[in-house]
Protein chains: 2
Amino acid sequence: MATGRTHRPATRSRGIPEATVARLPLYLRALTALSERSVPTVSSEELAAAAGVNSAKLRKDFSYLGSYGTRGVGYDVEYLVYQISRELGLTQDWPVVIVGIGNLGAALANYGGFASRGFRVAALIDADPAMAGKPVAGIPVQHTDDLEKIIDENGVSIGVIATPAGAAQQVCDRLVAAGVTSILNFAPTVLSVPDGVDVRKVDLSIELQILAFHEQRKAGEEAEAAGESEAVIQTPKESGKGPDGDVPAVMPA
Amino acid sequence: MATGRTHRPATRSRGIPEATVARLPLYLRALTALSERSVPTVSSEELAAAAGVNSAKLRKDFSYLGSYGTRGVGYDVEYLVYQISRELGLTQDWPVVIVGIGNLGAALANYGGFASRGFRVAALIDADPAMAGKPVAGIPVQHTDDLEKIIDENGVSIGVIATPAGAAQQVCDRLVAAGVTSILNFAPTVLSVPDGVDVRKVDLSIELQILAFHEQRKAGEEAEAAGESEAVIQTPKESGKGPDGDVPAVMPA
DNA sequence: ATGTCTTTGTGAACGCGTGCACAAAGATGG
DNA sequence: CCATCTTTGTGCACGCGTTCACAAAGACAT
């Protein structure tokens with residue numbers, strides 16, 4: 001099943017920083033767009049602009065993969081697309097199961113982004129017997145009872161949890177026990193998993209709350225409206241006295 | 001995590017580090033659960049375990065908000081819930097618009113997490129005239145033409161983009177022009193916004209690709225550790241600059 | 001070949017976030 | 001009131017990630 005995995009592109013292959021890994025998909029997307037427009041080469045400056053990052057950062061990121069650029073010219077788009085795809089493991093097929101076919105699960109099943117890049121929805125699983133057999137996105141929903149069998153027969157190693165919060169940990173445990181080692185969690189819960197299992201979480205309400213925090217801060221500064229531009233003022237760290245404006249630093253009684 | 005933002009000197013808004021802000025919602029969720037069980041106080045150790053973080057980190061996070069704990073006892077749950085809620089701006093109402101009512105947009109509209117905490121879906125907007133008036137999650141969908149009017153009349157400052165990638169930037173521009181200053185972007189695009197506008201992005205396919213990377217790495221290590229007698233992994237000749245044999249089959253965006 | 005010009009690749013400095021470890025603060029019991 | 005025990009709040013050191021700035025590498029023109 002797994003083809004040769006002893007890859008060593010003439011440089012330090014192991015030890016790609018996590019932050020870099022998180023940006024590779026971004027670069028890949030930008031490069032794919034260039035590829036479709038048949039652009040042969042691209043400079044770090046251009047690509048960085050397209051990906052919304054600093055060009056030095058981009059060059060350093062690529063340097064972890066190896067020296068794929070040509071000084072004075074830039075990077076070969078096709079070659080880079082291939083290298084990043086391979087580094088991310090997108091040259092192979094990743095069967096994925098989605099557990100919890102509610103509104104969100106159905107939306108995920110229909111999401112084109114899955115199929116387009118090496119990921120294939122191998123099965124949809126739901127606890128509701130009434131859902132069983134019903135096709136969603138052209139795939140019949142299967143019952144939770146068969147979870148282990150489905151994982152095993154399809155060689156699934158990536159699972160997506162889109163269940164209510166209450167069921168998430170239990171589903172997670174079963175997925176892990178059945179052999180899944182990477183989980184994308186949409187349920188608003190902190191999952192606990194054994195070592196060796198990766199969990200990434202996508203949490204709507206957390207994202208909104210972070211936005212609300214900044215929004216409130218912006219509103220506060222605006223209300224203060226002393227005529228200062230917000231970018232440059234850096235209040236020196238003071239302790240004790242300090243007019244921090246709107247919010248009273250309430251101390252517990 | 002994923003937060004694509006235009007550059008800004010990593011400002012500590014009122015001295016609270018960005019990393020701390022991102023964890024506050026997590027603490028709040030754990031505290032709310034404790035509150036519902038009528039637990040009066042909690043130690044940093046317990047709360048940290050519930051939130052899945054280091055206890056020292058949690059104490060330091062709270063120290064940015066002020067000294068709300070009592071040594072030898074712990075933190076007062078109710079008080080802390082209130083303080084964090086206020087800090088995050090959840091004590092006020094945040095009207096939100098969702099633009100792009102496809103599968104994902106509809107799922108978001110139905111998502112309970114919105115209403116539960118200060119956020120209220122003020123309007124659903126879609127470009128398809130056939131959708132207009134059709135109720136989704138009990139809210140009638142309105143047409144994009146009225147976007148500016150809807151933003152204005154409802155005092156919306158937070159927008160959610162769930163459109164196809166092609167429409168995202170255009171929608172974003174209109175939202176910003178209409179007064180929205182915080183955007184949660186689900187479209188697989190890098191949005192460019194003026195200073196002062198916050199963008200957070202949620203990108204499915206990026207999350208999956210990051211998981212795939214680690215999955216591939218795990219598989220590789222495993223194969224390496226499981227004895228090297230496999231003749232399959234013979235070092236390819238790597239003649240010239242061409243990559244090794246297996247064809248990449250480049251995927252479209 | 002030689003010089004000029006462009007762009008990469010990276011050494012080094014800096015800043016942020018994390019986690020340890022401990023002193024200070026307060027509760028609790030005698 | 002004093003001793004002891006628990007838990008907070010934080011000083012400090014370390015490591016990761018980001019950014020600057022520049023030498024080296026190659027393309028290209030003459």
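Chain letters run A, B, ... following the sequence lines, proteins first, then strands; residues in each count from 1.
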message: Is it the case that over 12 heavy atoms from other parts of the model lie below 6.0 angstrom from the CD atom of B/Gln92?
response: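 Yes, because the 6.0 Å sphere around CD of B/Gln92 holds more than 12 heavy atoms from other groups.
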
- request: Using a cut-off of 6.0 Å, state whether more than 12 heavy atoms not belonging to A/Gln170 lie near its atom CD.
  value: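 No.
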
message: Suppose we screen for salt bridge (Lys or Arg N to Asp or Glu O under 4.0 Å). Which residues come up paired with A/Asp173, at least two apart in sequence or across chains?
response: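 In terms of salt bridge (Lys or Arg N to Asp or Glu O under 4.0 Å), with neighbours along the sequence ignored, A/Asp173 is linked to no residue.
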
query: What residues form a salt bridge (Lys or Arg N to Asp or Glu O under 4.0 Å) with B/Asp76, not counting sequence neighbours?
result: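 For B/Asp76 there are no salt bridge (Lys or Arg N to Asp or Glu O under 4.0 Å) partners, ignoring immediate neighbours.
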
Protein N or O to nucleotides 20-22 of chain D N or O, pairs below 3.5 Å:
residue : atom : partner : partner atom : Å
D/dA21  : N6   : A/Arg59 : NH2          : 3.4

query: Within the structure shown, what part of the strands sits under 4.0 Å from B/Phe62 by heavy-atom distance: base, sugar-phosphate, or nothing?
result: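 No contact.
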
Quickly work out the [X] [atom1] to [N] [atom2] distance and round it to whole Å.
{"X": "A/Leu58", "N": "C/dG9", "atom1": "CG", "atom2": "P", "result": "10 Å"}
{"X": "A/Tyr68", "N": "C/dT10", "atom1": "OH", "atom2": "P", "result": "13 Å"}
{"X": "A/Lys57", "N": "C/dT7", "atom1": "NZ", "atom2": "P", "result": "22 Å"}
{"X": "B/Asp61", "N": "C/dG19", "atom1": "CG", "atom2": "C1'", "result": "12 Å"}
{"X": "A/Ile16", "N": "D/dG17", "atom1": "CD1", "atom2": "P", "result": "12 Å"}

In a table with atom names and distances, give each donor-acceptor pair under 3.5 Å that connects a side chain of residues 187-199 of chain A to protein atoms at least two apart or in another chain.
residue  : atom : partner  : partner atom : Å
A/Thr189 : OG1  : A/Ala165 : O            : 3.4
A/Asp198 : OD2  : B/Lys218 : NZ           : 3.1

task: Nearest-nucleotide wise, let me know which of A/Arg23 and B/Gly74 is further upstream toward the 5' end of DNA chain D.
output: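 Between the two, 5'-proximity favours B/Gly74.
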
Once side chain to side chain contact (heavy atoms under 4.5 Å, CB included) is applied, do any residues pair with [X], and if so which ones, sequence neighbours excluded?
{"X": "B/Thr32", "result": "B/Leu28, B/Glu36, B/Arg117"}
{"X": "B/Pro164", "result": "none"}
{"X": "B/Ala48", "result": "B/Val53, B/Ser55, B/Leu58"}

- prompt: Can a side chain N or O of A/Tyr64 be found less than 4.0 Å away from OP1 or OP2 on D/dG17?
  reply: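 Indeed not, no polar side-chain atom of A/Tyr64 lies that close.
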
query: Which residues pass the side chain to side chain donor-acceptor pair (under 3.5 Å) test with B/Arg174, sequence neighbours left out?
result: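 Result, side chain to side chain donor-acceptor pair (under 3.5 Å) vs B/Arg174: B/Glu148.
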
- line: In 5'-to-3' order, the base (B), backbone-only (S) or no-contact (-) status of each nucleotide in nucleotides 25-30 of chain C, using a 4.0 angstrom heavy-atom cut-off, is B-S---

field: Residue pairs fulfilling salt bridge (charged side-chain N to carboxylate O under 4.0 Å, His left out) with at least one residue in residues 58-68 of chain B, sequence neighbours excluded
entry: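 Applying salt bridge (charged side-chain N to carboxylate O under 4.0 Å, His left out) to every pair that reaches into residues 58-68 of chain B, excluding sequence neighbours, yields B/Arg23-B/Asp61.
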
message: If you only use heavy atoms from C-beta on, which nucleotide in C/dG9, C/dT18, D/dT18 is closest to the side chain of A/Ser67?
response: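 Among C/dG9, C/dT18, D/dT18, the one nearest the side chain of A/Ser67 is C/dG9.
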
message: Heavy atoms within less than 4.0 Å of DNA chain D: which residues of residues 34-47 of chain B have one? Give them sorted by number.
response: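 Result for residues 34-47 of chain B: B/Ser43, B/Ser44, sorted by number.
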
query: Restricting to pairs with a member in residues 179-205 of chain B, which pass ring-ring contact (aromatic ring centres under 6.0 Å, His included), not counting sequence neighbours?
result: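 Sorted result for residues 179-205 of chain B: empty, none.
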
